[in-house]
Number of protein chains: 2
Amino acid sequence: MIARCEVDYAGRLTAHLGMATRLLMVKADGCVAVHADGGAYKPLNWMVAPNVLREEVVDGRLARWVVTSPKGETLTIAIEEVLSDTAHELGVDPGLVKDGVEAHLQELLAADPARIEAGMILVRREHPTDIGPVDLLCRDGGGGAVAIEIKRRGDIDGVEQLARYLERLVRDPHLRDVRGVLVAQRVKPQARVLAEARGIAWLEVDYDELRGLASADLRLF
Amino acid sequence: MIARCEVDYAGRLTAHLGMATRLLMVKADGCVAVHADGGAYKPLNWMVAPNVLREEVVDGRLARWVVTSPKGETLTIAIEEVLSDTAHELGVDPGLVKDGVEAHLQELLAADPARIEAGMILVRREHPTDIGPVDLLCRDGGGGAVAIEIKRRGDIDGVEQLARYLERLVRDPHLRDVRGVLVAQRVKPQARVLAEARGIAWLEVDYDELRGLASADLRLF
DNA sequence: TATTACATGTCGACC
DNA sequence: GGTCGACGTGTAATA
């Protein structure tokens with residue numbers, strides 16, 4: 001529906017939209033989105049499913065939508081004028097098939113840990129700890145254990161995550177001297193500072209280059 | 001536009017959507033979104049502005065949209081059948097007014113730090129450290145330094161963030177005895193446990209009450 | 001432009 | 001229900 005409307009949201013915060021022409025989208029699951037003619041895919045206001053949409057009609061004309069969620073949020077859309085109103089059954093969507101990057105990065109590095117550091121050998125992928133699995137557990141040239149966390153973007157969170165794993169791993173007598181390496185396509189400055197403060201190494205890798213090497217390897221054999 | 005289509009994205013990852021009926025939205029700024037009839041406000045696929053949309057017509061019928069971004073991403077929409085196609089000028093939106101975000105919480109608490117603890121006085125907002133700014137730096141009734149991290153939701157991350165800041169701040173001779181307080185509208189149980197383990201205090205505040213007090217103050221003067 | 005932190009983040013997986 | 005981790009995160013502000 002295209003309509004001139006005014007919108008108010010009250011819930012986790014309060015928000016107000018002045019009167020203007022906007023696109024109102026209601027999906028089959030009941031979720032509502034208010035879009036302006038710009039600003040990427042995020043709507044100005046929305047309400048996720050499940051919710052209850054109440055339509056208020058005044059003098060035979062649609063005047064207001066009041067959408068309430070079980071969590072106590074309300075989205076109120078005061079409608080001044082409806083410029084267009086269409087409805088379509090879309091049916092069930094076959095769904096999205098993704099081929100992600102982090103998983104692929106991990107595969108490539110697991111296949112050739114020497115890319116991280118010369119002499120590095122893979123011990124185990126997704127090595128479990130009691131707070132979650134470490135991406136890669138390796139041994140370096142000198143036989144020392146190395147825990148590796150792989151991210152597309154190396155952020156401060158990734159450093160903390162790896163630090164938490166290391167804290168657990170050192171309790172294992174076989175891994176007493178384990179050290180950590182954060183590997184990412186890009187390691188942010190703040191993450192570098194924190195990693196160094198925590199005694200964690202970091203490394204930037206080029207995804208295309210890794211993939212190139214991998215396919216070159218494939219061509220060799 | 002409502003159309004039966006098949007979608008492929010290649011860029012930061014690759015993704016494929018099988019043939020189905022979907023809603024295609026093109027905004028004035030050129031951004032494109034492919035929506036299914038469910039799944040909240042997030043589109044299945046999209047392309048942000050700026051981009052170039054090329055329309056391919058075969059036998060006088062729309063056959064394909066190819067959207068390319070300057071960053072080398074492409075979104076390809078193969079269109080089998082157009083069920084509906086409408087266009088509207090929405091004009092400029094007056095914009096969204098929000099209230100209740102972290103910035104407001106920080107403003108209110110900065111204006112009256114005694115709400116956190118009796119006798120508390122503000123020293124500085126956004127006090128910088130080399131890993132980021134502390135929301136509020138205060139002095140308590142006894143003259144001791146207090147670093148305050150403000151969050152809408154007090155999560156484990158917030159505790160660690162504050163702990164990192166404290167780690168840095170204690171190096172400053174003026175702040176040797178600095179302590180930390182995590183202030184949030186709601187502090188999660190795990191965050192409470194971790195905060196206490198780290199010697200960090202936590203406090204839940206009510207936004208409406210804070211705002212109420214603030215406006216009461218305004219009325220007084 | 002790059003860096004940072006916030007977001008009504010959303011979303012899935014797992015417990 | 002809560003927590004955790006990933007996201008094509010997006011987005012705005014700031015340096």
Side-chain angles (χ1 to χ4, degrees), chain A residues 7-15 31-34 38-49 51 67 69-75 96 98-103 105-106 130-133 135 149-153 155-158 160-162 164-165 184-193, chain B residues 8-15 31 33-34 38-49 51 69 71-75 95-96 98-106 126 128-135 149-153 155-158 161 185-186 188-191 193-194:
Chain A
V7 185
D8 281 285
Y9 165 78
R12 281 171 278 186
L13 52 65
T14 61
C31 69
V32 180
V34 180
Y41 68 71
K42 196 175 178 181
L44 295 164
N45 278 104
W46 68 93
M47 184 71 85
V48 296
N51 64 52
V67 192
S69 85
K71 274 182 277 182
E73 300 164 293
T74 59
L75 183 68
L96 189 59
K98 284 186 188 181
D99 176 20
V101 172
E102 190 192 320
L105 255 183
Q106 192 187 123
D130 55 358
I131 52 162
D135 286 340
E149 178 65 31
I150 298 166
K151 289 263 179 278
R152 212 172 60 76
R153 281 168 29 185
D155 236 327
I156 223 164
D157 291 353
E160 295 278 26
Q161 195 181 337
L162 181 50
R164 284 198 298 272
Y165 291 145
Q185 283 182 282
R186 167 125 182 72
V187 179
K188 292 296 180 77
Q190 282 198 344
R192 298 178 186 192
V193 172
Chain B
D8 281 284
Y9 165 79
R12 280 170 279 186
L13 54 65
T14 61
C31 67
V34 181
Y41 69 69
K42 198 177 176 180
L44 295 164
N45 277 104
W46 69 93
M47 185 69 87
V48 295
N51 64 52
S69 85
K71 274 183 277 184
E73 302 163 291
T74 59
L75 183 69
L96 186 61
K98 287 184 187 182
D99 177 31
V101 292
E102 189 194 304
H104 296 141
L105 209 54
Q106 192 189 123
E126 303 285 348
T129 75
D130 58 354
I131 51 163
V134 182
D135 286 339
E149 178 64 31
I150 298 166
K151 286 267 176 269
R152 221 166 50 73
R153 283 170 23 195
D155 232 327
I156 220 164
D157 290 356
Q161 193 181 338
Q185 287 179 277
R186 170 145 170 61
K188 292 292 180 77
Q190 284 202 346
V193 173
L194 184 66

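Letters A, B, ... mirror the listed sequences (proteins, then strands); counts begin at 1. For clarity, every value in this text was computed on a predicted model and none was experimentally measured.
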Visitor: Which whole number of Å gives the distance between the C1' atom of D/dG8 and that of C/dC14?
Guide: 25 Å

Visitor: If you check the B/Pro189 side chain, which of C/dT4, C/dC6, D/dT3 turns out closest?
Guide: D/dT3

Visitor: Pick the closest DNA chain C nucleotide for A/Arg186 and for A/Leu75 by heavy atoms, then say which residue is nearer the 5' end.
Guide: A/Arg186

Visitor: Show the nearest heavy-atom pair for residues A/Gln185 and A/Leu105, with the distance to one decimal.
Guide: CG-CD1, 4.2 Å

Visitor: Tell me: CG of A/Asp130 to P of D/dC4, nearest whole Å?
Guide: 13 Å

Visitor: Verify the contact: side-chain N or O of A/Arg153 to OP1 or OP2 of C/dT3, cut-off strictly under 4.0 Å; return yes or no.
Guide: no

Visitor: Stacking between D/dG8 and B/Tyr9, yes or no? Criterion: centroid separation under 5.5 angstrom, plane angle under 30 degrees.
Guide: yes

Visitor: Starting at CD of B/Gln190 and ending at P of C/dC15, how long is that distance when rounded to a whole Å?
Guide: 15 Å

Visitor: Let me know the distance between CH2 of B/Trp46 and C1' of D/dG8, rounded to the nearest Å.
Guide: 5 Å

Visitor: Using the rule given for side chain to side chain contact (heavy atoms under 4.5 Å, CB included), can you reason through A/Val67 versus A/Thr74, listing the C-alpha separation, both sets of side-chain angles and the distance that settles it, and then say yes or no?
Guide: CA-CA 6 Å; A/Val67 192; A/Thr74 59; over 6 Å; no

Visitor: Is it the case that the base of D/dT3 and the side chain of B/Asp155 share a donor-acceptor contact (distance under 3.5 Å, atom types as modelled)?
Guide: no

Visitor: Check the distance between D/dA12's P and B/Glu102's CD and give it to me in whole angstrom.
Guide: 17 Å

Visitor: Please state how far atom NZ in B/Lys98 lies from atom C1' in C/dC6, giving the value in whole angstrom units.
Guide: 9 Å

Visitor: State which of C/dA5, C/dT8, D/dA6 makes the closest approach to the side chain of B/Val101.
Guide: C/dT8

Visitor: Write down the distance between NZ (B/Lys71) and P (C/dA2), rounded to a whole number of angstrom.
Guide: 11 Å

Visitor: Rounded off to whole Å, could you give me the CZ-to-P distance for the A/Arg12 and C/dT8 pair?
Guide: 8 Å

Visitor: Which value, rounded to the nearest 0.5 Å, describes the distance between A/Lys71 atom NZ and A/Met47 atom CE?
Guide: 9.5 Å

Visitor: What's the closest nucleotide to the side chain of A/Lys42 if the choices are D/dT11, D/dG8, D/dG5?
Guide: D/dT11

Visitor: With rounding to the nearest 0.5 Å, note down the distance linking NZ in B/Lys98 to CG in A/Leu13.
Guide: 6.5 Å

Visitor: Measure the distance from CG on B/Asp157 to P on C/dC6 and round it to the nearest whole Å.
Guide: 11 Å

Visitor: Considering only atom C1', compute the distance from D/dA6 to C/dA7 and round it to an integer number of Å.
Guide: 15 Å

Visitor: Would you say the side-chain atoms of B/Tyr9 and B/Glu73 include a donor-acceptor pair closer than 3.5 Å?
Guide: yes

Visitor: Nearest to the side chain of B/Lys151, heavy atoms from C-beta on, is which of C/dT8, C/dC6, D/dG8?
Guide: C/dC6

Visitor: If the C1' atom of C/dT8 is compared with that of D/dT14, how far apart are they to the nearest Å?
Guide: 24 Å

